[in-house]
Amino acid sequence: MSYWLMKSEPDVFSIDDLKRKKREAWDGVRNYQARNYLRSMAVGDEVLFYHSSCAVPAAVGIARVRKAAFPDPTQFDPGSDYFDAGSKPEDPRWSAVEVEFQRKFKKPLPLELLKTLPELAELALVKRGNRLSVMPVGETEWQAITALAT
DNA sequence: GCCAACGTTGGC
DNA sequence: GCCAACGTTGGC
């Protein structure tokens, strides 16, 4: 089993939204590196849910991959913000996965805190200029983070 | 194929 | 709101 971290802006879609909806398609990813990670996900993989672009950027809970990568429907929807005229249905450019709510941490683990953990020194999240919205998390990294979660 | 311009992300 | 970092676009 693999571990991942996925960013979401809480104003758009928060851990509470996922908790309420139970499961959600993770679509709209329009970055090739992030897309490739989506395609590497397997059912059952665990995902750290991270809130970005907000007052306190933080890891806030855990989700689980419920459905492996499939063509992101929003790329073919002209009404969607994520519409991609260059993507052909016979050769979809973008992928989505479906995730399912697992749990919400009682207290968020702020980026500021995560940055202090020596185990996370190599995690893309804490690196300068990091913009990747989907990234792999190593076993040791996962343990270090979840050990702090309540 | 290079690279400047531009747009986006995301922390602060 | 600002700005650094980075990806993408498009002219040449």
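Residue numbers start from 1 in every chain, and the chains themselves are labelled A, B, ... in the order their sequence lines are given, proteins ahead of strands.
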Please report, rounded to the nearest Å, how far the [atom2] atom of [N] is from the [atom1] atom of [X].
X	N	atom1	atom2	answer
A:Tyr32	C:dG7	OH	C1'	11 Å
A:Leu125	B:dT9	CG	P	16 Å
A:Asn31	C:dT8	CG	P	6 Å
A:Asp81	B:dG7	CG	P	17 Å
A:Arg128	C:dC3	CZ	C1'	13 Å
A:Trp94	C:dG7	CH2	P	13 Å
A:Tyr82	B:dT8	OH	P	12 Å
A:Glu112	B:dG11	CD	P	12 Å

I'd like to know if the side chain of A:Arg20 pairs up with that of A:Ser14 as donor and acceptor (distance under 3.5 Å, no hydrogens or angles considered). no
For a quick check under 3.5 Å, do A:Arg35 and A:Ser95 share a side-chain donor-acceptor pair by atom type? no
Side-chain N or O of A:Tyr50 versus OP1/OP2 of B:dT9: is the shortest distance under 4.0 Å?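 No, no such contact exists.
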According to a strict under-4.0 Å criterion, is A:Lys7 in side-chain N/O contact with OP1 or OP2 of B:dT9? no
Have a look at A:Glu98 and tell me which of A:Lys21, A:Arg64, A:Arg66 forms a salt bridge (charged side-chain N to carboxylate O under 4.0 Å, His left out) with it. A:Arg66
So what does A:Lys115 touch, heavy atoms closer than 4.0 Å: a base, only the sugar-phosphate, or nothing?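 The residue A:Lys115 makes sugar-phosphate contact but no base contact.
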Pair A:Lys104, A:Asp16 - check side-chain contact (heavy atoms from CB on, under 4.5 Å), show working. CA-CA 8 Å; A:Lys104 178 186 175 182; A:Asp16 291 316; 2.9 Å; yes
Between B:dC12, C:dT8, C:dA5, spot the one nearest the side chain of A:Leu111, thanks.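 Minimum distance to the A:Leu111 side chain belongs to B:dC12.
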